[in-house]
Amino acid sequence: MAVPCPDSGDGEQRLVKLQRLAAAGFPPFGQAFPNTRLLADLRKDFKESLAVRTAGRLMTIRDMGKSIFADLRDGSDRFQLYAGKSHTAEFDTFKHLLDAGDLIGVEGELFTTRMGEPTIRILKWTLLAKALRPLPEKWHGLKDVEIRYRQRYLDLIANPNVRRLFDQRAQAVREIREFLWAKGFREVETPMMQPQPGGAAARPFKTHYTALNTDMFLRIAPELYLKRLLVGGFDKLFELNRNFRNEGLSKTHNPEFTMLEIYQAWSDRQGMQALVQELITTVAQKVVGSLQVGRDENRIDLAPPWREVTYRDLILEKAGADWYDLAPAAARAHAISLGLAIDPAWSMTQVTHEIYEKLIERTLKNPTFVTRLPRELVPLAKVCADDDHVVDVFELVIDGKEIAPGYSELNDPREQRKRLETQSGAEAQKVDEEFLLALEHGMPPAGGMGIGIDRLVMILTGAEAIRDVILFPQLRPKSDQSSGTSNQSSVISDQ
RNA sequence: GGGCCGGUAGCUCAGUCGGUAGAGCACGGCACUUUUAAUGCUGGGGUCGCGGGUUCAAAUCCCGCCCGGCUCACCA
């Protein structure tokens, strides 16, 4: 059966093919095609002449006249197909009306080609969905980062390494849950819409709840609710879900990001350090298969024990042994001489922290627990027993990124009120009275910590930007004037 | 928000000094029954991000805008 197509644009040609396929008895958007096997399993269990049934997306088609080779792809693998005039049903329809990108179901038998390639000899096939648009370029893949993010499905089809990365992310999340479950932690869910944002210092997203006629905020952290659950008797709990912060975008910041927060009653900062070290090394072993992670040019060694160093020692090492003895004016001058831009209004704590953030943190490549931070920086942590100017916390830094903060949690409601009121005075943030009320009922001494899951996945996979580990990173919505996908008007709009 | 760089066919990219818009992949036609970036011949496909300006003439020069990337600022 000859089925020539008109010589016009690709989109139009595919529409014509769609109509001809329908006329030939192939509904272009087919029904379920059950009892298929994954292509990866066919490869694993390959047996000559084995009857198989499978489905996937046609990726490339090599038409040799009476013999056609094609590559089929599913979520697990790719596999070669072979259609021949003498044995494949509806061969001419297959030859002329299918395109790269179409989704098909296949019944046939396995064999090995002369070149040694495991292949399915197609006996019967059916159309499961006609692709009305072409695939991205098969050799160079899809490079346009804007299309990769806005139309991530094309990125996933065209770039198998991207699919692998998101498989690794999914596996990491699963391993984290299994690890914590095995240790007796319970997963909980607390409000993402909060009447008052707390647990961190960040600008929140604001919305309005009509039924209660009240403003609500997307949470910037779940911490204050999880601590209410500590009061309520959840001794070991965690929440793994999204936080939202109304701040700028960068290689390490997305306005919605995934945070794991873990609390353990009767524990403390040191207990959490041991827990996070075991958790991350376990996940790395399961997901990456090694404690040497990242790309070749940026290897990170996760082998324990991880370095532990006080904030003060890092500052003294960088700013000089006399740093904390300097008069404010001399200290500012010295900070400026180190290349920093110092605001004259800053306190000494802020100047010192600028040195930490700009000159020290980004140099800490292998995992490092930075401990004993200034108390002003962490209002929800207990002060150290031997020095109430610093708090009993760690900041886990890997590859120069803040990955996980952990504390001995402050459970004294009187002290907590003072610390929050000091902070709220400076930042016009209201004190969360419901949280303080809970503390007054008695919160057990506890260790707590948070892990930025997106950044952890960056470490494990060697991704350079947080956008590359988030399936749909935040972008400005398309406008009519912009480029990229907006010029792709629908191929069916004028039908 | 500031600075720098970019946007040309569905995709990957060329486009010289301002002088008729190009290639590969993809798509149509022809040939080929073991190819795998198949091959050979051949054909169609463009709002050069959007708008304005300069010019006999603009993808190209100028201005404004949109979108993206890098970076700075912001960011417990």
Side-chain angles (χ1 to χ4, degrees), chain A residues 2-14 16-17 59-71 78-88 91 96 99-101 111-119 121 131-151 154 157-158 199-203 220-221 223 245-255 257 341 353 357-358 373-381 391 393 395 402 405 407 423 427 450 464-465 467 473 475-489 491:
Chain A
V3 274
C5 276
D7 200 357
S8 58
D10 190 25
E12 275 179 62
Q13 282 165 358
R14 285 174 184 245
V16 170
K17 289 178 181 178
M59 296 303 292
T60 60
I61 300 173
R62 297 178 287 282
D63 179 355
M64 307 191 56
K66 298 184 179 64
S67 186
I68 300 173
F69 290 91
D71 288 327
R78 64 160 282 283
F79 211 93
Q80 180 163 273
L81 303 178
Y82 169 63
K85 191 168 181 65
S86 58
H87 63 263
T88 299
F91 178 81
H96 290 286
D99 291 302
F111 76 107
T112 305
T113 65
R114 270 183 217 161
M115 302 301 288
E117 173 92 15
T119 301
R121 179 182 289 112
L132 296 178
R133 292 176 183 273
L135 290 173
E137 220 260 0
K138 66 182 176 188
W139 185 243
H140 298 94
L142 180 66
K143 291 184 174 173
D144 184 313
V145 291
E146 187 170 355
I147 299 177
R148 287 186 47 223
Y149 298 146
R150 289 194 197 276
Q151 296 178 270
L154 293 179
I157 291 169
R203 186 193 312 159
I220 56 177
E223 178 159 354
R245 295 185 185 178
N246 202 341
E247 311 280 1
L249 296 157
S250 81
K251 282 175 105 161
T252 51
H253 294 84
N254 195 64
F257 61 100
H353 200 56
E357 288 200 321
K358 292 288 154 59
L373 269 60
R375 58 179 282 172
E376 296 92 323
L377 298 177
V378 194
L380 298 167
V391 279
V393 304
E395 179 77 50
E402 301 169 27
Y407 322 152
Q423 181 194 29
E427 303 182 21
E464 289 177 8
R467 293 183 198 87
L475 296 177
R476 190 181 294 275
K478 296 302 280 183
S479 77
D480 292 342
Q481 293 197 331
S482 58
S483 64
T485 56
S486 69
N487 57 356
Q488 293 186 30
S489 57
V491 296

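Quick note: numbers below take in every heavy atom, side chains included, and nothing from hydrogens, waters or symmetry partners. Chain naming here is simple, since letters A, B, ... match the order of the sequence lines and numbering starts at 1 in each. Predicted, not measured: the structure shown is a model, and the values here were computed from it.
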Determine: side-chain N/O of [X] to OP1/OP2 of [N], distance under 4.0 Å, yes or no.
| X | N | value |
| --- | --- | --- |
| R62(A) | A38(B) | yes |
| K251(A) | U71(B) | yes |
| R133(A) | A26(B) | no |
| K358(A) | C72(B) | no |

Any donor-acceptor N/O pair under 3.5 Å between [N] base and [X] side chain:
| X | N | answer |
| --- | --- | --- |
| Q80(A) | U35(B) | yes |
| Y82(A) | U35(B) | no |
| T60(A) | U36(B) | no |

Counting heavy atoms from C-beta on, name the nucleotide in [options] closest to the side chain of [X].
| X | options | result |
| --- | --- | --- |
| D144(A) | A38(B), U36(B), U12(B) | U12(B) |
| S67(A) | C74(B), U33(B), C66(B) | U33(B) |
| K85(A) | A73(B), U34(B), U33(B) | U33(B) |
| R114(A) | U34(B), U12(B), U36(B) | U34(B) |
| E137(A) | U35(B), C11(B), G29(B) | C11(B) |
| H253(A) | G28(B), A38(B), C75(B) | C75(B) |

*Regarding R62(A) and the six-membered ring of F69(A), is the cationic atom NZ or CZ under 6.0 Å from the ring centre and inside 45° of its axis?*
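Geometry flag: not set, cation outside 6.0 Å or 45°.
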So what does [X] touch, heavy atoms closer than 4.0 Å: a base, only the sugar-phosphate, or nothing?
| X | answer |
| --- | --- |
| G101(A) | nothing |
| V145(A) | sugar-phosphate |
| I68(A) | nothing |
| R467(A) | sugar-phosphate |

*Quick one: on RNA chain B, does S86(A) or K138(A) contact a more 5' nucleotide (nearest heavy atom)?*
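Mapping each residue to its closest nucleotide by heavy atoms, the 5'-most match is S86(A).
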Spacing between [X] atom [atom1] and [N] atom [atom2], to the nearest angstrom:
| X | N | atom1 | atom2 | answer |
| --- | --- | --- | --- | --- |
| K66(A) | C32(B) | NZ | P | 5 Å |
| L142(A) | A9(B) | CG | P | 14 Å |
| I157(A) | A26(B) | CD1 | C1' | 14 Å |
| D63(A) | U39(B) | CG | P | 13 Å |
| M64(A) | A38(B) | CE | C1' | 6 Å |

